[in-house]
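Worth knowing before you read on, the calculation uses all heavy atoms, side chains too, and leaves out hydrogens, waters and symmetry mates. Within every chain, numbering begins at 1; the chains are lettered A, B, ... in the order of the sequence lines, protein sequences first and strands thereafter.
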Amino acid sequence: MNISNILQKWYAANKRNLPWRQTKNPYYIWISEVILQQTRVAQGISYYLNFIKKYPTVKLLANASEKDVLNLWQGLGYYSRARNMLYASKQILEKFNGKIPDNYSQIIEIKGIGKYTASAILSIAYDKPYPVVDGNVLRVLSRLYGYAKPVNINAGYNDIYKIAAKLIDKKNPGNHNQAIMEFGALICSPVPYCENCILKLICVAYKNKIIDKIPVKTKKAKQKIRYFNYFFVQNKNSFYIRKRNFKDIWENMYDFPLIETKKKELLINIINSDKWYEIFQQIKPKKIKYINSIVHILTHQKIKTTFYNVQIEHELIDTNNAYIKITKKEIKNFPFPNLINQFFNTQFFN
DNA sequence: CATTCGTGGCC
DNA sequence: TGGCCAAGAAT
């Protein structure tokens, strides 16, 4: 038995029962693959079920609003995936007659579908022999073959890709690809379960006792620290939000009026300064109150956040038309990043 | 091609 | 606790 056969046999006996494994519908496979990009299976399952329930076809997705799609994606992170999927659904509808292409050159044109997702859809939904190389495959194959150079650069990725291409079962590519990924997720995990591994006798890293040193990765850049001051501006039972319609984190999501500072700074006196008027075009508020401070961690940024409550007695004079006045009941209609969403669950807000 | 895009779980 | 990492893609 070759390696693929061993993995597929293991997979048949040990695979998890996941909702997207009950279909070969290319649309569903596409949705699942995008949701699972850089996302754990446990976190993605409910989003997948909600997504295919609300948008069961390409056409229904293509006719959705971005705000609704982002709302469904809220809390999952990497929101460009949702924006790209909406764009992609229109591409599929118009250029490919509503059908996910079954060939590489066309499917790779679709927004949000890169080398991995193209290969995953083609192999799983259409039985085409394209090898997937994701984080699992990089780990499994680098250990198995004792590949001790960095895998998170192009050269390393290309080396592993060649191995993956040589290894693939051309008669059962979808099953093969899922088997090796599942094996990486459950057995050859970052902290591996070598005692349960069916490949340990032929695993170079295991034989050389360097499992904990492979895969090799180059260092990541240090997190940037940013200081956000969010103003929960309140006018009786209404408050103000705005859409982040500019190039930064959380693009096209909603949040509160924000003042970013370059260092840690308490802006409790801002209503007595000209700065308040410059930003909000608003006469001096009735009162401002510090609420709390939290730290929100992103992959490349650490957001040190302070929330303030500002009570005003007149409407915001919003010459830039930047703010939307809403009540608490309307919150669920708008997609917020989790930093803001968590605020809605605090004692202050309720 | 290195960086940037969230969030949550794990140790 | 801080760092690593998860079915990656766009720029």
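Interface remark: the T39(A) side chain does form a donor-acceptor pair with the dG6(B) base, using a distance-only criterion of under 3.5 Å. At a cut-off of 3.5 angstrom, counting only N and O atoms as typed in the model, there is a donor on one side and an acceptor on the other between the side-chain of T299(A) and the base of dG6(B).
Counting non-hydrogen atoms under 4.0 angstrom, W20(A) reaches a base of the nucleic acid. Using a 4.0 Å heavy-atom cutoff across all strands shown, L298(A) reaches at least one base atom of the nucleic acid. Within the 4.0 angstrom heavy-atom criterion, no nucleotide atom of any strand lies near G44(A). Residue S32(A) is classed as having no contact, given no heavy-atom separation below 4.0 Å to the nucleic acid. Here I35(A) lies out of heavy-atom contact (under 4.0 Å) with every strand. No contact: E251(A) has no heavy atom under 4.0 Å from any strand. Residue R21(A) is in base contact, counting any heavy-atom pair closer than 4.0 Å across all strands shown.
For R81(A), the side-chain atoms get nearest to dG6(B) when compared with the rest of dG6(B), dA7(C), dC1(B). Candidate nucleotides dT7(B), dC5(B), dA6(C) were compared by shortest atom distance to the side chain of H296(A), and dT7(B) ranks first. Closest to the I153(A) side chain, of the nucleotides dA7(C), dG8(B), dA2(B), is dA2(B). The side chain of E33(A) has dA7(C) as its nearest neighbour among dC5(C), dA7(C), dA2(B). Listed nucleotides dC5(B), dA6(C), dA10(C) differ in distance to I249(A); the shortest reach to its side chain belongs to dC5(B). Nearest to the side chain of Q43(A), among dA7(C), dG8(B), dA10(C), sits dG8(B).
Atom CG of N345(A) and atom P of dT7(B) are 14 Å apart (whole Å). Atom-to-atom, CD of E182(A) to C1' of dA6(C) comes out at 14 Å; the value is rounded to the nearest Å. Taking atom CZ on F246(A) and atom P on dC5(B), their separation rounds to 12 Å, with Å as the unit. With rounding to whole Å, K247(A) atom NZ is found 13 Å from dA10(C) atom P. A straight line from CZ of R40(A) to P of dA7(C) spans 7 Å, rounded to a whole angstrom. L36(A) has its CG atom 17 Å from the P atom of dT7(B), to the nearest Å.
With both ends at atom P, the span from dC4(C) to dT4(B) equals 16 Å, rounded to whole Å. Look at the P atom in both dA7(C) and dC5(B): the space between them is 23 Å, to the nearest Å. Comparing the C1' positions of dT1(C) and dG8(B) gives a spacing of 16 Å, expressed to the nearest Å.
For Y78(A), no side-chain nitrogen or oxygen approaches OP1 or OP2 of dT4(B) to under 4.0 Å. Side-chain nitrogen and oxygen atoms of W250(A) include at least one within less than 4.0 Å of the OP1 or OP2 phosphate oxygen of dT7(B). Between Q38(A) and dA6(C), a side-chain N or O to OP1/OP2 separation shorter than 4.0 Å is absent. Proximity of N338(A) to the phosphate of dG6(B): no side-chain N or O atom is located under 4.0 Å from OP1 or OP2. Phosphate proximity of dC5(B) to Q301(A): present, with a side-chain N or O under 4.0 Å from OP1 or OP2.
Distance alone, capped at 3.5 Å, is enough to place a donor-acceptor pair between the R83(A) side chain and the E251(A) backbone. Under the 3.5 Å distance criterion, the side-chain polar atoms of R244(A) are matched with a main-chain donor or acceptor of I249(A).
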request  = Might you work through the side-chain hydrogen bond (donor to acceptor under 3.5 Å, both in side chains) test for N103(A) and Q106(A), ending with a clear yes or no?
outcome  = CA-CA 6 Å; N103(A) 62 85; Q106(A) 287 186 316; 2.7 Å; yes

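Ring centers of F232(A) and F307(A): at least 6.0 Å apart, outside the cut-off. Residues Y104(A) and Y130(A) bring their aromatic ring centres within 6.0 Å.
Residue order along DNA chain B, read from the 5' end via each residue's closest nucleotide, puts N152(A) first among N152(A) and R83(A). If K217(A) and I113(A) are placed on DNA chain C by their nearest nucleotide, the residue sitting closer to the 5' end is K217(A). Each of Q223(A) and P190(A) lies near DNA chain C, and the nucleotide nearest Q223(A) is the one positioned closer to the 5' end.
Ring geometry for F348(A) versus F343(A): interplanar angle of 30 to 60°, hence tilted.
Contact annotation: the side chain of W276(A) approaches that of F231(A) to within less than 4.5 Å [non-hydrogen atoms, C-beta and beyond].
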